[in-house]
Participant: 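Input: one structure, supplied below.
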Amino acid sequence: MRYKIVYDKPGRLRLRMGWAAFSTEEGYGIEEMLLAYPWVKSAEASHVNGGLLVHYESGNDEAGEGAANREKILHLVAELVASNLPKGQRRDENIIREMDDGFFRSLTALILRHFAMKIFVPVPIRTIFTIKNALSYWKNGFAALASGKLNVNVLDAAAVGASVARKDFATAASIMTLLKITEILEDYTRKKARHELSRSLELNIDNVWLVSEDADTLLPLSQVQIGDIVRVRAGWVVPLDGEVCAGEAMVNEASMTGEPLAVLRKPGHSVYAGTVVEEGSIALRVRTLADNTRIQQIVAMIDHSEALKAGIQGRAEKLADAIVPYSFLAFAATLAFTGNMAKAMSVLMVDYSCAIKLTTPICIITAIREAANRRILIKGGKHLEAFATADTIVFDKTGTLTAACPQVAKVIPIGGHTREDILRVSACLEEHFPHSVAKAIVRQAEAEGLHHLEEHADVEYIVAHGIASTLDGERVLIGSSHFIFEDEKIPWPEDEGPKMAAEAEGYSGVYLAIGGKAAGLICVEDPVREDAREVLSQLKALGLARIIMLTGDGSSAATAVSDSLGITEFRAHMLPEDKAAFVRGLKESGHTVIMVGDGINDSPALSCADVSVAMKDGSDIAKEVADITLLGENLDGLITLRRLSQSLLARVQRNYYWILGINTSLLGLGLAGAIAAPTSAVVHNISTMTLSGLSMRPYVHDDST
């Protein structure tokens with residue numbers, strides 16, 4: 001393909017292939033082709049003018065790395081054949097770029113059209129266009145009045161109407177242009193909000209278990225076809241829409257319906273991507289490969305529900321509408337006392353509500369986007385606000401405060417079983433569940449070459465206490481000592497019990513029972529995360545006065561971890577319902593509570609907290625229930641969240657002060673006759689857009705401002 005180099009500097013190359021050189025999809029394909037090379041940082045293709053901008057590794061100039069990369073790019077482009085260009089899919093970067101480009105195009109077109117009308121169109125025709133454009137504002141204003149509302153729509157209609165009544169059509173046109181600029185900016189902001197929040201809630205499923213005649217097979221989600229049968233077990237997110245063809249399960253459909261209670265799904269029932277299997281196991285026949293329904297539900301929730309709005313945003317919107325009547329009172333008072341319509345008009349153009357309504361969601365969106373860039377997914381602004389104001393943080397121990405990759409320290413067989421048998425059977429059961437301890441057992445079996453076949457029956461997660469199945473006609477159980485010996489009433493082995501208790505001291509113990517008898521114990525080392533102590537110290541310095549650890553493990557293991565981390569308050573032997581009850585108790589006593597966890601057994605407590613955080617390697621149900629998910633390997637994301645959320649509230653508060661100061665000054669200048677209505681409108685809109693722009697600044701630089 002022929003091209004022209006229009007910009008060429010080390011690390012940055014812009015080429016022009018000409019108008020209509022490639023389509024939108026072909027532009028995506030060219031980007032994907034270039035991005036497949038690790039030394040290409042970014043690639044942007046524009047089908048509008050056939051342009052291609054590539055950022056690449058400039059490398060070591062002396063070694064000629066940058067020059068070599070440049071030549072490779074030119075060669076790749078030259079090798080493209082216009083009649084057979086690669087086609088690609090729109091990526092997230094494309095969506096954001098197209099959104100930004102659309103905003104600037106709309107804004108530029110509006111401004112150019114306004115000035116072109118003033119310069120080239122005769123006054124009578126301009127007047128007709130002005131009245132025609134004013135009709136939509138009057139329609140919205142009368143509709144608001146008819147519904148008993150005195151809001152911004154009425155204020156806008158009155159401002160335009162007053163100008164038309166005075167036959168000041170130029171002022172009316174200017175006012176409508178400025179209002180249109182605000183509308184474009186608000187529309188752009190809303191679209192960014194929809195995209196950012198939808199992206200943070202998208203499913204992140206790479207592999208699924210495909211059901212076949214021989215055994216379930218782990219398969220990449222991208223290879224699943226319509227009609228395939230996929231297994232979904234307790235604690236997993238349903239990956240695709242489909243119909244249950246085997247098994248029964250309690251499915252939490254809150255992500256689709258908002259109903260918090262799980263519903264029974266059995267053969268013949270439909271299940272949907274994004275819902276979560278809480279208990280049981282099902283096989284579903286895939287009906288659709290896309291989770292568009294899931295995403296559309298999210299978008300609808302963002303558009304029509306207050307659930308994801310921050311309290312500060314809701315309060316800002318109420319405050320904005322509450323100010324409107326006072327603007328009319330000021331207008332009427334000014335007109336009554338001065339008899340000067342120009343002064344009264346300048347007062348009417350002072351709109352506190354516009355800036356308040358616009359800057360607050362921009363602040364929230366910016367914070368959510370910055371969190372996403374720091375590998376933190378937040379499902380709504382209200383969760384940031386809760387994180388900023390919380391005074392108590394509660395941690396699960398295993399997989400949260402402890403290393404995300406625990407290790408098996410000992411395998412202790414009893415009752416005539418061999419060590420290898422205990423580890424093999426345990427791994428066979430645990431591989432179906434994503435908890436960090438389960439992963440440790442599976443890894444140890446793989447390291448020792450203990451391959452296991454799927455010879456057991458369906459695996460059942462029992463009320464978030466443990467795992468049960470059937471092997472060779474015998475019931476097999478694996479879980480904590482509480483689950484095995486108290487819930488399931490397995491007899492404690494009197495002869496070997498003291499040895500087991502001594503061996504388990506200081507470890508997390510996972511017990512295995514086969515055929516109604518204790519068969520073995522797996523001791524798992526659970527070292528604390530290297531950064532945990534420092535993170536807890538900084539969280540306390542940032543105002544989280546009360547730090548608590550909850551664990552289902554015994555007192556000895558809990559004490560060891562709490563001592564190493566400097567935690568003075570902890571609870572051991574906690575069942576899932578105990579954790580949830582504890583969190584509820586904290587809230588009832590007046591605390592605002594953050595809950596941090598990773599396992600299926602943490603999900604009840606995560607649901608009860610004011611704001612909940614799931615770890616990267618947590619179970620699907622924990623990440624689904626949680627308001628925030630850390631995608632990084634460490635806990636320092638909690639420090640980032642605290643600082644970010646507190647900076648958000650501080651920025652919103654500062655914006656209030658600026659909006660109050662600027663608009664009150666405009667009000668005073670208008671009353672004094674120092675500025676006219678168009679000038680007041682211009683300054684008001686410039687200040688609104690300036691504050692909006694400042695609200696988009698990164699929060700990392702916000703500490704001192």
Participant: For L221 and P239, work out which heavy atoms get closest and say how close.
Facilitator: CD1-CB, 4.2 Å
Participant: Could you go through the salt bridge (Lys or Arg N to Asp or Glu O under 4.0 Å) check for E370 and R374 one step at a time?
Facilitator: CA-CA 6 Å; E370 185 165 333; R374 294 167 179 268; 3.6 Å; yes
Participant: Which atom pair, heavy atoms only, marks the closest approach of S564 to V528?
Facilitator: OG-CG1, 3.5 Å
Participant: For L542, is there any backbone N or O sitting under 3.5 Å from a side-chain donor or acceptor partner on Q646?
Facilitator: yes
Participant: Does R529 use its side chain to pair, donor to acceptor, with the backbone of N634 at less than 3.5 Å?
Facilitator: no
Participant: Any chance you could measure L575, atom CG, to S480, atom OG, to the nearest 0.5 Å?
Facilitator: 7.0 Å
Participant: Does R642 offer a backbone N or O that forms a donor-acceptor pair with the side chain of S645 under 3.5 Å?
Facilitator: yes
Participant: Could you tell me the separation between the CG atom of L536 and the CE atom of M549, rounded to the nearest 0.5 Å?
Facilitator: 10.5 Å
Participant: Once rounded to the nearest 0.5 Å, what's the spacing between atom CD1 of I376 and atom NZ of K616?
Facilitator: 13.5 Å
Participant: For the pair R233 and V277, evaluate side-chain contact (heavy atoms from CB on, under 4.5 Å) and give the outcome as yes or no after the intermediate values.
Facilitator: CA-CA 6 Å; R233 303 183 189 276; V277 175; over 6 Å; no
Participant: With a 3.5 Å cut-off and no angle check, do the side chains of Q538 and R533 form a donor-acceptor pair?
Facilitator: no
Participant: What's the shortest heavy-atom distance between L401 and I567, and which atoms?
Facilitator: CD1-CD1, 3.7 Å
Participant: Rounded to the nearest 0.5 Å, how far apart are CG of D627 and CG of L377?
Facilitator: 12.5 Å
Participant: More than 12 foreign heavy atoms under 6.0 Å from NZ of K149: is that the case here?
Facilitator: no
Participant: Would you call M615 and V596 a side-chain contact if the rule is heavy atoms closer than 4.5 Å?
Facilitator: yes
Participant: Is there a donor in the side chain of T551 and an acceptor in the side chain of D396, or the other way round, less than 3.5 Å apart?
Facilitator: no
Participant: Let's go through D602 and K579 carefully: what are the C-alpha distance in whole Å and the side-chain angles of both, what is the deciding distance for salt bridge (Lys or Arg N to Asp or Glu O under 4.0 Å) to 0.1 Å, and is it a yes or a no?
Facilitator: CA-CA 7 Å; D602 298 322; K579 292 181 180 181; 2.8 Å; yes
Participant: Measure from the side-chain N and O atoms of K587 to the backbone N and O of C608, and report whether any donor-acceptor pair falls under 3.5 Å.
Facilitator: yes
Participant: Roughly how far, to the nearest 0.5 Å, is CG of L638 from CD1 of I594?
Facilitator: 7.5 Å
Participant: Tell me the closest heavy-atom pair linking L35 and S42, and the distance in Å.
Facilitator: CD2-CA, 3.8 Å
Participant: For C363, is there any backbone N or O sitting under 3.5 Å from a side-chain donor or acceptor partner on Y699?
Facilitator: yes
Participant: Counting only heavy atoms not in E530 (residues, nucleotides, ligands), do more than 12 fall under 6.0 Å from its CD?
Facilitator: no
Participant: Do the side chain of T664 and the main chain of G661 share a donor and acceptor less than 3.5 angstrom apart?
Facilitator: no
Participant: Tell me the closest heavy-atom pair linking N153 and A144, and the distance in Å.
Facilitator: CB-CB, 4.4 Å
Participant: Does the T275 side chain pair with the main chain of V271, one donor and one acceptor, at a distance under 3.5 Å?
Facilitator: no
Participant: Using atom types as modelled and distance alone, determine if a side-chain donor or acceptor of R697 lies under 3.5 Å from a backbone N or O of L694.
Facilitator: yes
Participant: side-chain contact (heavy atoms from CB on, under 4.5 Å), that's the test. Do I548 and L586 meet it? Break it down for me.
Facilitator: CA-CA 11 Å; I548 306 168; L586 288 172; 4.0 Å; yes
Participant: Could you grab the distance from atom CZ of F582 to atom CZ of R571, nearest 0.5 Å is fine?
Facilitator: 4.0 Å
